[in-house]
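Take a look at the structure set out below.
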Amino acid sequence: MAKFLPCLDNQTVFQLDFMPLLMAAVTDLQSQVMALHSIYLNGSIAYRQATNGISDLNLTVVITVPLTVEEQHRITIVCQDLKHHYSVISNVDITWLLLDDVLSITAIFKWGFWLKHCSVCLYGTNLGEQFGYFEPCWEIAKVFNDDIAAFLVCTQQQIKRTKSAIEYQDYCRRAGKKMLRSCFMLVAYRSDDWAYTDQQCADFFSCILSR
């Protein structure tokens, strides 16, 4: 029998501390991006497990045409303002996707899976509804792990250059999260569920080691 992955809850209210931030982010993106198609929430805020002052705001934004240089500049300012005015987050991370790329058959195991199982639609037409349910598989693990070598090399260089203890800790945290989640994806087929958080990934491996 197929073991389909769960979808994120799109009905339950988000943690109240983060609601003003989410409303501001959607409003700002609507006002600054002409070719906006849809906005999706990812990460710990989407899972309702965010930590005040530590968690990032992770968004996936689908657009119909590439951003102009002017729009890119305005979005940079929007992200800076959100980070400055809302202390509940430590950073703003936006992934920009072209609508044609999302709907391409070659991207189904990446963006199809991402929007179906790892995202909550905040604005626009929910593209996740256009995809069927996915099972844990090698194809998903491969497309989400293909950048790990380059990511770790880049992070190592950033760690070597920084003189800030805060930046050092942030780089190490990001590298740890990337490796932990990448490792989980490679063995996700052995799980009866999906690990959405770092702690869930760690618990999965701890359970295996204790057997």
Side-chain angles (χ1 to χ4, degrees), residues 14-29 31-33 39-61 63 66-97 110-111 114 118-119 122 141-186 195-206 209:
F14 297 108
Q15 293 161 276
L16 294 181
D17 287 350
F18 295 88
M19 287 299 294
L21 162 71
L22 296 177
M23 295 173 64
V26 170
T27 300
D28 289 347
L29 289 172
S31 66
Q32 299 299 335
V33 181
I39 303 173
Y40 304 84
L41 180 65
N42 312 104
S44 59
I45 303 179
Y47 314 147
R48 283 77 167 180
Q49 296 187 22
T51 302
N52 196 315
I54 296 178
S55 294
D56 295 342
L57 172 61
N58 299 109
L59 298 173
T60 300
V61 180
I63 50 180
L67 296 173
T68 65
V69 174
E70 182 181 352
E71 285 177 323
Q72 292 177 33
H73 176 69
R74 294 203 302 263
I75 292 302
T76 297
I77 296 175
V78 165
C79 292
Q80 292 173 346
D81 287 344
L82 289 172
K83 183 179 177 181
H84 175 72
H85 291 296
Y86 296 92
S87 59
V88 292
I89 54 167
S90 60
N91 197 24
V92 178
D93 183 14
I94 301 179
T95 298
W96 297 92
L97 303 177
K110 186 164 189 177
W111 302 128
W114 182 250
C118 301
S119 306
L122 298 179
K142 183 169 62 176
V143 296
F144 278 94
N145 283 318
D146 60 0
D147 67 335
I148 189 167
F151 173 85
L152 292 177
V153 169
C154 178
T155 302
Q156 182 184 43
Q157 294 172 346
Q158 291 174 320
I159 289 174
K160 288 181 177 179
R161 287 196 300 265
T162 187
K163 296 181 180 179
S164 166
I166 295 177
E167 284 187 351
Y168 174 84
Q169 292 173 351
D170 182 59
Y171 292 143
C172 290
R173 179 174 63 90
R174 290 173 182 271
K177 289 171 61 174
K178 179 70 172 179
M179 290 188 289
L180 185 60
R181 295 186 181 187
S182 295
C183 288
F184 172 78
M185 283 191 164
L186 295 175
Y196 286 107
T197 67
D198 304 330
Q199 187 60 53
Q200 288 173 338
C201 290
D203 291 344
F204 172 79
F205 289 115
S206 295
L209 293 173

With side-chain contact (heavy atoms from CB on, under 4.5 Å) as the test, would you mind laying out the steps for Leu41 and Leu57 before giving the verdict? CA-CA 8 Å; Leu41 180 65; Leu57 172 61; 3.8 Å; yes

Before you tell me yes or no, could you show the steps for Asp170 and Asn91 under side-chain contact (heavy atoms from CB on, under 4.5 Å), namely the whole-Å CA-CA distance, both residues' side-chain angles and the distance that decides it to 0.1 Å? CA-CA 10 Å; Asp170 182 59; Asn91 197 24; 5.9 Å; no

Looking at Arg48 and Gln15, what are the two nearest heavy atoms and their distance? C-OE1, 3.2 Å

Close side-chain approach of Arg173 to Ser90, heavy-atom, < 4.5 Å: yes

Checking Asp93 now: which residues fulfil side chain to side chain donor-acceptor pair (under 3.5 Å) with it, not counting sequence neighbours? none

Is a side-chain N or O of Arg181 found less than 3.5 angstrom from the main chain of Met179, in a donor-acceptor match? no

With rounding to the nearest 0.5 Å, note down the distance linking OG in Ser55 to CG in Leu21. 11.0 Å

So, for Tyr40 and Ser119, which heavy atoms are closest and what is the spacing to 0.1 Å? CB-CB, 3.8 Å

Test Glu71 against Arg74 for side-chain contact (heavy atoms from CB on, under 4.5 Å), laying out the working first. CA-CA 5 Å; Glu71 285 177 323; Arg74 294 203 302 263; 3.4 Å; yes

How close do Phe14 and Ile45 get, heavy atom to heavy atom, and via which atoms? CD2-O, 3.5 Å

For Val88 and Phe18, the nearest pair of non-hydrogen atoms, with its separation, is O-CE2, 3.4 Å

Donor-acceptor contact below 3.5 Å, side chain Thr162 vs main chain Ile159: no

Non-hydrogen atoms of Asn58 and Gly43 that approach each other most closely: OD1-CA, 4.0 Å

Got a second to check how far Ile148's CD1 is from Cys183's SG, nearest 0.5 Å? 6.5 Å

Scanning both residues in full, the closest heavy-atom pair of Phe151 with Ala175 reads CE2-CA, 3.9 Å

State, yes or no, whether a side-chain contact exists between Gln72 and Thr76 at a heavy-atom distance under 4.5 Å. no

Distance from Gln156 atom CD to Arg161 atom CZ, nearest 0.5 Å? 11.0 Å

Side-chain donor/acceptor of Gln32 to backbone N/O of Val78, under 3.5 Å: no

Under 3.5 Å: donor-acceptor pair, side chain of Thr51, backbone of Ile54: no

One pair to check against side-chain contact (heavy atoms from CB on, under 4.5 Å): Leu29 and Ile75. What are the steps and the verdict? CA-CA 8 Å; Leu29 289 172; Ile75 292 302; 3.7 Å; yes

How long is the gap from OH on Tyr86 to CG on Leu22, to the nearest 0.5 Å? 10.0 Å

Between Asn42 and Cys118, is there a donor-acceptor pair closer than 3.5 Å when you use the side chain of the first and the backbone of the second? yes

For Lys178, the salt bridge (charged side-chain N to carboxylate O under 4.0 Å, His left out) test, sequence neighbours excluded, returns Asp147

Qualifying residue for side-chain contact (heavy atoms from CB on, under 4.5 Å) with Trp96, from Ile63, Thr60, Leu59: Ile63

